**Q** 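Handing you this structure, nothing more for now.
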Number of protein chains: 2
Amino acid sequence: MTMEDGTSKSPGYCGDTDGDYDVLQWDTREDCEVRQILDRIADKWSLLVIALLDQRSLRFTELRRAIDGISQRMLARTLRHLERDGLVSRTVHPVVPPRVDYELTPLGASLHHTIRALVTWTEQHQNDIATARSAYDVRVAVEQETTEREAAERDALARDVLSGRR
Amino acid sequence: MTMEDGTSKSPGYCGDTDGDYDVLQWDTREDCEVRQILDRIADKWSLLVIALLDQRSLRFTELRRAIDGISQRMLARTLRHLERDGLVSRTVHPVVPPRVDYELTPLGASLHHTIRALVTWTEQHQNDIATARSAYDVRVAVEQETTEREAAERDALARDVLSGRR
DNA sequence: CAGTATCCGCTACGATACTG
DNA sequence: CAGTATCGTAGCGGATACTG
């Protein structure tokens, strides 16, 4: 048992800020819950697993097949993490070919609700973002172009001067 | 200019799923917008920057001081990303000591609204999560203990048998 | 079937140094 | 002040092999 990585055991409890929403309180250096949850939902697979389990309970291999691209290791790891955080429950059926079912806990389901708001936002604004990106890239490309041209002109001028041609 | 990393230029446009909320559509292998936005808001600093800029416009060094722990490099990178995505606007004032102001765009502000829901959720459930984690850790520790003890007992028995004592 | 153990590459991030 | 360039490192995630 190597513990490997994951959240440490001492949560570094981050002070009850009942005074509402102090930016520097809910996410700063000390490992606050907010950071940890955010890291969880944003890691490569958790969100997908949560979304799938929201529909119905699934077993390990069902998830594996449903996700396509996930390695056995990452699925196991992801599920362990979610289980530890109380977002997913794991029930082992003691039968001959082992059968393990995973399902969202109420906590996990409520998180999924919140997450959907974010997904919805993204869906609604993906065009805005795509546009912004294109515009930005063009802007950068153009000013890159100009600086290079200016440099070239400076060089040319310098050469002319040195060769006494000007 | 090395481009370094970040989102590729071809967004890999991920199909208008107006049929609502197909899990496998909004987050799968192809780099969908959802994944990219999620990665952005979940990366180590973006969220903090957005939250700070929601209060008022800030300059580079103000952000640097406000965040405490962020490196110059990461702040610059984070701001470039946010700017590219159209979440933050950057205005350069051509004065002697250069002055650059950053502020949330309407798009960025609307994202911040959505994000707050998530932060709120986390604040409300951090105790549930902490409890779940403790319970899980205990459960694991206990069953670790038992398996070890059982192994020890098996070994002891085996030794007894081999030495003809039993 | 449902995992764990091991190895290993990649890149995100931090520290440092330099520039307009 | 507001950055970029460069280098070094840690940990996430993939591939593979093995177990109850």
Side-chain angles (χ1 to χ4, degrees), chain A residues 1-8 29 31 35-36 38-49 57-83 88 90-102 140 143-144 147 150-151 154, chain B residues 1-8 29 31 35-36 39-40 42-46 48-49 58-83 88 90-102 140 143-144 147 150-151 154:
Chain A
M1 211 259 198
T2 3
M3 202 18 143
E4 194 167 352
D5 52 339
T7 53
S8 94
R29 231 49 341 271
D31 31 8
R35 248 279 66 85
Q36 307 204 355
L38 213 57
D39 289 346
R40 185 104 318 143
I41 71 117
D43 75 8
K44 208 172 178 188
W45 306 108
S46 297
L47 190 55
L48 211 29
V49 170
S57 147
L58 291 171
R59 14 190 329 194
F60 190 88
T61 313
E62 287 178 321
L63 280 168
R64 188 156 164 44
R65 266 195 297 270
I67 294 184
D68 161 86
I70 195 171
S71 64
Q72 211 169 14
R73 178 178 179 267
M74 286 317 294
L75 180 54
R77 259 180 62 100
T78 302
L79 288 169
R80 285 307 84 79
H81 284 325
L82 294 174
E83 190 194 355
V88 158
R90 173 174 178 270
T91 54
V92 187
H93 301 93
V95 291
V96 190
R99 177 198 178 91
V100 180
D101 278 298
Y102 292 94
V140 169
E143 72 187 38
Q144 173 107 6
T147 44
E150 284 171 359
R154 267 203 317 282
Chain B
M1 213 266 198
T2 3
M3 200 22 139
E4 194 165 354
D5 52 339
T7 54
S8 93
R29 229 52 339 274
D31 30 10
R35 248 279 66 84
Q36 307 205 355
D39 288 347
R40 184 104 319 139
D43 77 7
K44 209 171 177 187
W45 306 108
S46 296
L48 211 31
V49 170
L58 291 171
R59 12 190 331 194
F60 190 88
T61 312
E62 286 178 322
L63 280 168
R64 188 156 165 45
R65 266 195 296 269
I67 293 182
D68 162 84
I70 195 171
S71 64
Q72 210 169 14
R73 177 177 179 268
M74 286 317 294
L75 180 54
R77 261 180 62 99
T78 303
L79 288 169
R80 284 308 83 77
H81 285 326
L82 293 174
E83 189 195 355
V88 158
R90 173 174 178 271
T91 54
V92 188
H93 301 92
V95 290
V96 189
R99 177 196 177 92
V100 180
D101 278 299
Y102 292 94
V140 169
E143 73 187 39
Q144 173 107 5
T147 44
E150 284 171 358
R154 268 202 317 281

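These numbers were taken from a predicted model, which means no experiment stands behind them. To find a chain, count down the sequence lines: A is the first, B the second, and so on, and within it residues start at 1. Any value given below was found using the heavy atoms of this structure, including those in side chains, with hydrogens, waters and symmetry copies removed.
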**Q** Choosing from C:dC13, D:dA2, C:dG3, which nucleotide comes nearest the side chain of B:Arg99?
**A**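 Among the listed nucleotides, the one closest to the side chain of B:Arg99 is D:dA2.
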
**Q** Do nucleotides 15-20 of chain D as a string where each nucleotide becomes B, S or -: B if the base has a protein heavy atom under 4.0 Å, S if just the sugar-phosphate does, - if no protein is that close.
**A** B-B--B

**Q** When you measure from the side chain of A:Trp45, which nucleotide among D:dG14, C:dC13, C:dC1 comes out closest?
**A**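 Of the candidates, D:dG14 comes closest.
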
**Q** With A:Asp39, which residues qualify under side-chain hydrogen bond (donor to acceptor under 3.5 Å, both in side chains), at least two apart?
**A**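 A:Arg35.
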
**Q** Rounded to whole angstroms, how far apart are CD1 on B:Ile70 and P on C:dT16?
**A**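 So the two atoms are 16 Å apart, to the nearest Å.
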
**Q** Provide, to the nearest angstrom, the distance between the CZ atom belonging to B:Arg77 and the C1' atom belonging to D:dA2.
**A**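 In whole Å, D:dA2 C1' and B:Arg77 CZ are 17 Å from each other.
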
**Q** Over how many whole Å does the gap from B:Glu143 atom CD to C:dT4 atom C1' extend?
**A**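 Atom-to-atom, B:Glu143 to C:dT4, this comes out as 13 Å.
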
**Q** With a 4.5 Å heavy-atom cut-off, do B:Val49 and B:Leu75 have their side chains touching?
**A**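 Yes, close enough: below the 4.5 Å cut-off.
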
**Q** In whole angstrom, give the distance that lies between atom CD1 of B:Ile67 and atom P of D:dA2.
**A**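 Distance check: B:Ile67 CD1 to D:dA2 P gives 14 Å.
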
**Q** Short of 4.0 Å, heavy atom to strand atom, which residues of residues 57-64 of chain A count as contacting DNA chain C?
**A**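 Going residue by residue through residues 57-64 of chain A, the ones with a heavy atom under 4.0 Å of DNA chain C turn out to be A:Arg59, A:Phe60, A:Thr61.
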
**Q** From the set D:dG13, C:dG3, C:dC13, return the single nucleotide nearest to any side-chain atom of A:Arg80.
**A**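 That would be C:dG3.
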
**Q** What distance do B:Lys44 atom NZ and B:Arg77 atom CZ have between them, rounded to the nearest 0.5 Å?
**A**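 The distance works out to 13.0 Å.
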
**Q** Would you find a donor on one side and an acceptor on the other, under 3.5 Å apart, between the side chain of A:Ser57 and the backbone of A:Asp101?
**A**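 The answer is no, because no donor-acceptor pair under 3.5 Å joins these two groups.
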
**Q** Name the stems with DNA chain D in them: runs of three or more consecutive Watson-Crick or G-U pairs, distances under 3.5 Å?
**A**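 Stem list for DNA chain D: C:1-20 with D:1-20.
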
**Q** To the nearest Å, give me how far apart CG (B:Leu79) and P (D:dA2) are.
**A**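 To the nearest whole Å, that distance equals 11 Å.
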
**Q** Nearest 0.5 Å, please: how far is CE in A:Met74 from CG in A:Leu79?
**A**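 Interatomic distance, A:Leu79 CG to A:Met74 CE, rounded to 0.5 Å: 10.5 Å.
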
**Q** To the nearest Å, give me how far apart CG (A:Leu75) and C1' (C:dG3) are.
**A**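 Atom CG in A:Leu75 sits about 10 Å away from atom C1' in C:dG3.
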
**Q** Got a list of side-chain donor-acceptor pairs under 3.5 Å for residues 59-66 of chain A, not counting sequence neighbours?
**A**
residue : atom : partner : partner atom : Å
A:Glu62 : OE1  : A:Arg59 : N            : 2.8
A:Arg64 : NH1  : A:Ile70 : O            : 3.2

**Q** Any chance you could measure A:Thr78, atom OG1, to A:Arg73, atom CZ, to the nearest 0.5 Å?
**A**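 Between atom OG1 of A:Thr78 and atom CZ of A:Arg73 there are 9.5 Å.
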
**Q** For B:His81 and D:dT4, give me the distance from atom NE2 to atom P, rounded to whole Å.
**A**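 So the NE2-P distance, B:His81 to D:dT4, works out to 11 Å.
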
**Q** Within this structure, what is the CE-to-C1' distance between A:Met74 and C:dT4, rounded to whole angstrom?
**A**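 Between C1' of C:dT4 and CE of A:Met74: 14 Å.
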
**Q** With B:Asp43, which residues qualify under salt bridge (charged side-chain N to carboxylate O under 4.0 Å, His left out), at least two apart?
**A**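 So B:Asp43 forms no salt bridge (charged side-chain N to carboxylate O under 4.0 Å, His left out) with any residue.
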
**Q** With A:Val96, which residues qualify under side-chain contact (heavy atoms from CB on, under 4.5 Å), at least two apart?
**A**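 A:Val96: no side-chain contact (heavy atoms from CB on, under 4.5 Å) contacts found.
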
**Q** Using salt bridge (charged side-chain N to carboxylate O under 4.0 Å, His left out) as the criterion, list what pairs up with B:Arg90, not counting sequence neighbours.
**A**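 Scan of B:Arg90 (salt bridge (charged side-chain N to carboxylate O under 4.0 Å, His left out), adjacent residues dropped) gives none.
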
